[in-house]
Amino acid sequence: MINGELVRLRALRAEDAEHHLRWRNDPEVVRWAAAGDPCFGPVSAEALGRGFETMLRLSPRESAVFTVETLTDGRVIGMADYRDLDAHDGVATLGVTIGEREFWGRGHGTDALRTLVDHLFGAYGLGRLELDTWSGNERAVRAFTRMGFVEEGRRRSAVLVDGARYDRVLFGMLREEWASSRVPR
């Protein structure tokens, strides 16, 4: 387990599938987490189960999915992941989704992201982390920027949400940026 200030990241367990199923069938979670991408949700229990089996077997040398729990009572509120870890180039892509709506806008997603970033730069000695969102997800854009991620580019009109086009916003953080902005816990 990896503790932050508000949340802990722990290894994914089979019983976490029920939470993932609920979140991926919640239209608001799908909208904000994946810009309404139908590949994210809605999803059947059977389809989620097949994908979940794969997530449980991921090699942490390449990717991992963590469960995000509150520190106060251990409530499962979301997921955090990294993928495409390239040990040679020292790069990984990451993401965080808080699936429980009552925890939106309260700092839990930012803390989960900070905890994951600290873990990846600390444990793996990576040189760069990257993530992206869609330009309509202003809460995520603010959180990423506040964390020290730098907007590195946009894929214009790359995302379609409710019939409107949005940019895919690309962010990166270098190891030296993380080291210089780190606040001790």
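Source: prediction; values computed, not measured.
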Donor-acceptor pairs are to be reported for all side-chain atoms of residues 86-93 against protein atoms at under 3.5 Å, with residues two or more places apart or in another chain.
from  : atom 1 : to    : atom 2 : distance (Å)
Asp86 : OD1    : His88 : N      : 2.9
Asp86 : OD1    : Asp89 : N      : 2.8

In a table with atom names and distances, give each donor-acceptor pair under 3.5 Å that connects a side chain of residues 141-164 to protein atoms at least two apart or in another chain.
from   : atom 1 : to     : atom 2 : distance (Å)
Thr145 : OG1    : Val141 : O      : 2.9
Arg146 : NH2    : Thr110 : OG1    : 3.4
Glu151 : OE2    : Arg154 : NE     : 2.8
Glu152 : OE1    : Arg128 : NH1    : 3.4
Glu152 : OE1    : Arg128 : NH2    : 2.5
Glu152 : OE2    : Arg128 : NH1    : 3.0
Arg154 : NH1    : Asp167 : OD2    : 3.1
Asp162 : OD2    : Arg31  : NH1    : 2.4

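With sequence neighbours left out, His119 forms a side chain to side chain donor-acceptor pair (under 3.5 Å) with no residue at all. Thr97 meets the side-chain contact (heavy atoms from CB on, under 4.5 Å) test with Val29, Ala33, Met79; sequence neighbours excluded. Among residues two or more places apart in sequence or in another chain, the side chain to side chain donor-acceptor pair (under 3.5 Å) test is passed with Glu28 by Trp32. His20 is linked by a ring pair (Phe, Tyr, Trp, His ring centres under 6.0 Å) to Trp23, Phe52, counting only residues two or more places apart in sequence or in another chain. For Glu102, the salt bridge (charged side-chain N to carboxylate O under 4.0 Å, His left out) partners two or more places apart in sequence, or in a different chain, are Arg75. Looking at residues two or more places apart in sequence or on another chain, you find a side-chain contact (heavy atoms from CB on, under 4.5 Å) between Pro42 and Asn25. Residues that satisfy the side chain to side chain donor-acceptor pair (under 3.5 Å) test with Arg139, not counting sequence neighbours, are absent from this structure. Under the side chain to side chain donor-acceptor pair (under 3.5 Å) criterion, Asp26 pairs with Arg101, not counting sequence neighbours. Partners of Arg61 under the side-chain contact (heavy atoms from CB on, under 4.5 Å) rule, at least two apart in sequence or in another chain, are Ser59.
Closest approach of Leu12 and Leu56 over heavy atoms only: O-CD2, 3.6 Å. For Glu100 against Val76, the heavy-atom pair with the smallest separation is CG-O, 3.7 Å. Across every non-hydrogen atom of Leu116 and Ala80, the tightest pair is CD2-CB, 4.1 Å.
Listed by chain and number, the hydrophobic cluster partners of Leu21 are Val43, Leu48, where partners are ILVMFWY side chains within reach of under 4.5 Å, directly or through others.
Around atom CD of Glu15, more than 12 heavy atoms belonging to other residues, nucleotides or ligands sit under 6.0 Å away.
Ion pairing of Arg13 with Asp16 is absent here, as no side-chain N (NZ or NE/NH1/NH2) approaches a carboxylate O to less than 4.0 Å.
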